[in-house]
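Structure first, then comments.
Values reported hereafter were calculated over all heavy atoms of this structure, with side chains retained and with hydrogens, waters and symmetry mates removed.
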Amino acid sequence: MPWSNQSGGGGPWGQRGGSGGPWGSGPSGGGGNRPPDLEDIIRRGQDRLKGIIPGGGGGQIGGRGIGLIALMALCVWAATGIYTVRPDEVGVNLVFGRFAGLSREGLSYNLPYPIGSYLKPNVTALRTIEVGARSVETARRGPARPGPNDESLMLTGDENIVDIDFTLQWQVDPSKVTDFVFNLQNPDGTVRVVAESAMREVIGRRNIQNILTTDRAAIEAEVMRLAQNILNQYGAGVNVIRVNLQKVDPPSQVIDAFRDVQAARQDQDRLRNEAETYASRVVPEARGEATRIIQGAEAYRERSVAEATGQASRFAQVYDEYRKAPDVIRERIFLETMERVLGGADKIIVDQNSGQGVVPYLPLGELNRRPAPVQGGQTGQSTGSVVQPGASR
């Protein structure tokens with residue numbers, strides 16, 4: 001109801017004359033300040049609202065305006081359900097907390113909050129879990145965890161302790177995004193616990209010597225396989241990419257003594273190798289020498305037996321001939337024996353019946369020598385070929 005109709009036209013404060021206002025301005029027609037009319041302000045606001053929202057009377061305009069404003073607010077609220085999925089992400093749509101579908105790369109839509117929501121896990125990022133010594137960046141951004149000595153000391157199969165630092169790299173399986181979203185409350189913590197448990201199980205089945213020397217690659221492969229099996233049993237939706245052993249040492253408290261033991265074992269192995277090398281060289285030589293001696297003895301035996309057999313056969317043949325002509329065979333044996341005995345000796349023939357001026361002996365050995373050449377083409381005579389009587393040699 002307009003205020004001008006109250007109190008005889010004097011306004012809400014009952015001024016007289018209709019021109020004074022609530023502050024009692026001067027007489028009619030005076031030049032004093034007059035306050036704005038609230039009715040005019042409301043009327044001007046209604047006119048502006050008519051310009052924005054076309055309609056009928058004042059009451060109808062107010063109802064329609066509220067409806068349109070509510071409709072606009074509803075459209076803005078519905079538009080908040082539009083979101084973008086990047087190439088390395090997969091969108092998971094939720095309605096009242098329940099799974100409602102997946103969204104791939106590009107623009108996607110889901111009912112806006114609080115009815116619906118969405119998650120966009122990264123399925124291509126390679127995430128790293130460090131057990132033991134951690135990098136500075138990881139230690140700075142990660143939550144507080146036990147010190148490296150609390151998680152890297154592990155018991156081996158031969159009841160020794162080894163200090164192992166390793167990393168496990170993993171990523172979300174694109175085909176099992178829902179498992180990753182709904183089954184893991186703390187993905188990093190779960191993967192860390194699984195990696196440490198798998199490493200302890202693998203180390204607990206091996207001796208420390210093999211762990212420190214030859215089994216590094218086998219340990220990495222076995223831990224990777226075991227961790228993947230455990231995560232699959234959990235339904236984690238995680239793929240284990242690789243496991244890297246960074247450091248494998250005895251505990252720092254005993255590492256010096258362990259290195260001394262290792263050095264002693266290396267010396268033992270070196271000396272054993274040298275002894276085996278010497279044995280592998282000497283034993284074949286001794287075996288070869290023994291074989292040579294045996295073969296020489298067998299050859300000597302065969303030769304001796306063959307010679308004895310030949311001599312016996314010859315003797316038997318000579319004896320047969322001797323029985324036929326004893327005198328002839330006896331003479332022949334004598335001559336052959338003398339030939340064999342005197343064949344290589346120097347022989348001198350002495351003639352006891354020689355006359356005056358004749359050399360009493362003849363040196364056959366010197367006569368057989370070839371004369372030595374002399375100058376002028378003449379040949380020298382053999383010394384001793386002519387010896388004067390009474391000369392001595």
Side-chain angles (χ1 to χ4, degrees), residues 73-132 134-146 150-152 165-202 220-244 246:
L74 181 62
C75 293
V76 172
W77 174 76
T80 59
I82 300 174
Y83 64 96
T84 302
V85 179
R86 293 182 297 181
D88 57 349
E89 297 174 340
V90 173
V92 180
N93 298 322
L94 305 176
V95 176
F96 295 112
R98 291 182 176 272
F99 174 70
L102 297 177
S103 299
R104 298 300 176 181
E105 176 184 356
L107 287 176
S108 299
Y109 181 80
N110 190 29
L111 294 176
Y113 182 84
I115 298 176
S117 61
Y118 59 86
L119 300 173
K120 297 189 298 181
N122 192 317
V123 296
T124 61
L126 194 62
R127 313 183 191 190
T128 301
I129 297 297
E130 296 178 342
V131 178
R134 292 180 289 275
S135 62
V136 177
E137 181 180 358
T138 304
R140 185 185 301 115
R141 71 169 183 264
R145 294 193 298 267
D150 296 335
E151 62 186 6
S152 61
D165 297 344
F166 70 97
T167 61
L168 184 144
Q169 294 179 330
W170 61 280
Q171 61 182 184
V172 180
D173 189 349
S175 63
K176 300 178 180 179
V177 177
T178 55
D179 293 341
F180 175 78
V181 171
F182 295 109
N183 295 342
L184 293 183
Q185 183 177 4
N186 182 10
D188 289 338
T190 302
V191 175
R192 167 178 292 278
V193 172
V194 169
E196 185 176 345
S197 176
M199 181 63 72
R200 291 185 183 278
E201 179 176 348
V202 172
E220 292 175 349
E222 189 171 353
V223 170
M224 177 178 172
R225 182 172 59 255
L226 182 59
Q228 185 65 67
N229 292 337
I230 296 174
L231 290 172
N232 291 341
Q233 293 176 4
Y234 289 168
V238 169
N239 287 333
V240 178
I241 305 302
R242 67 179 59 90
V243 175
N244 296 321
Q246 295 181 335

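- With salt bridges taken as basic N to acidic carboxylate O contacts below 4.0 Å, one links Arg200 and Glu196.
- Contact of the Leu184 side chain with the Val238 side chain is registered, since non-hydrogen atoms from C-beta on lie closer than 4.5 Å.
- Residues Val123 and Glu89 have side chains not in contact (no heavy-atom distance under 4.5 Å, counting atoms from C-beta outward).
- Side chains of Leu168 and Val131 form no contact here, defined as non-hydrogen atoms less than 4.5 Å apart.
- Applying the side chain to side chain donor-acceptor pair (under 3.5 Å) test to Asn232 and every residue at least two apart in sequence or in another chain returns Gln228.
- Between Glu130 and Thr167 the shortest heavy-atom distance is CG-CG2, 3.8 Å.
- Listed here is the closest heavy atom pair of Gly235 and Asp179: O-CB, 3.2 Å.
- Between Leu226 atom CG and Met199 atom CE the span is 10.0 Å, to the nearest 0.5 Å.
- From Phe99, atom CZ reaches atom CG of Leu94 across 8.5 Å, with rounding to the nearest 0.5 Å.
- Judged as a side chain to side chain donor-acceptor pair (under 3.5 Å), and not counting sequence neighbours, Arg225 has no contacts.
- Residues Gln233 and Val194 fail the side-chain proximity criterion, which asks for heavy atoms closer than 4.5 Å.
- Of the candidates Leu231, Thr128, Asp188, Trp170 forms a side-chain contact (heavy atoms from CB on, under 4.5 Å) with just one, namely Asp188.
- If you run side-chain contact (heavy atoms from CB on, under 4.5 Å) between Val92 and each of Val85, Asn110, Val177, only Val177 comes through.
- Residues that satisfy the side chain to side chain donor-acceptor pair (under 3.5 Å) test with Ser175, not counting sequence neighbours, are Asp173.
- Arg127 pairs by the side chain to side chain donor-acceptor pair (under 3.5 Å) definition with nothing, not counting sequence neighbours.
- Under the side-chain contact (heavy atoms from CB on, under 4.5 Å) criterion, Arg98 pairs with no residue, sequence neighbours left out.
- For Glu220, there are no salt bridge (Lys or Arg N to Asp or Glu O under 4.0 Å) partners at least two apart in sequence or on another chain.
- Judged as a side-chain contact (heavy atoms from CB on, under 4.5 Å), and not counting sequence neighbours, the contacts of Thr124 are Asp88, Asn122.
- We find the CG-CZ distance between Leu126 and Arg242 to be 6.0 Å, quoted to the nearest 0.5 Å.
- Listed by first then second residue, pairs satisfying ring-ring contact (aromatic ring centres under 6.0 Å, His included) with a partner in residues 74-95 read Tyr83-Tyr118, not counting sequence neighbours.
- Residue pairs that meet the ring-ring contact (aromatic ring centres under 6.0 Å, His included) test with at least one member in residues 176-195, sequence neighbours left out, do not exist here.
- Residues Ala198 and Ala227 share a closest heavy-atom pair of CB-N, 4.1 Å.
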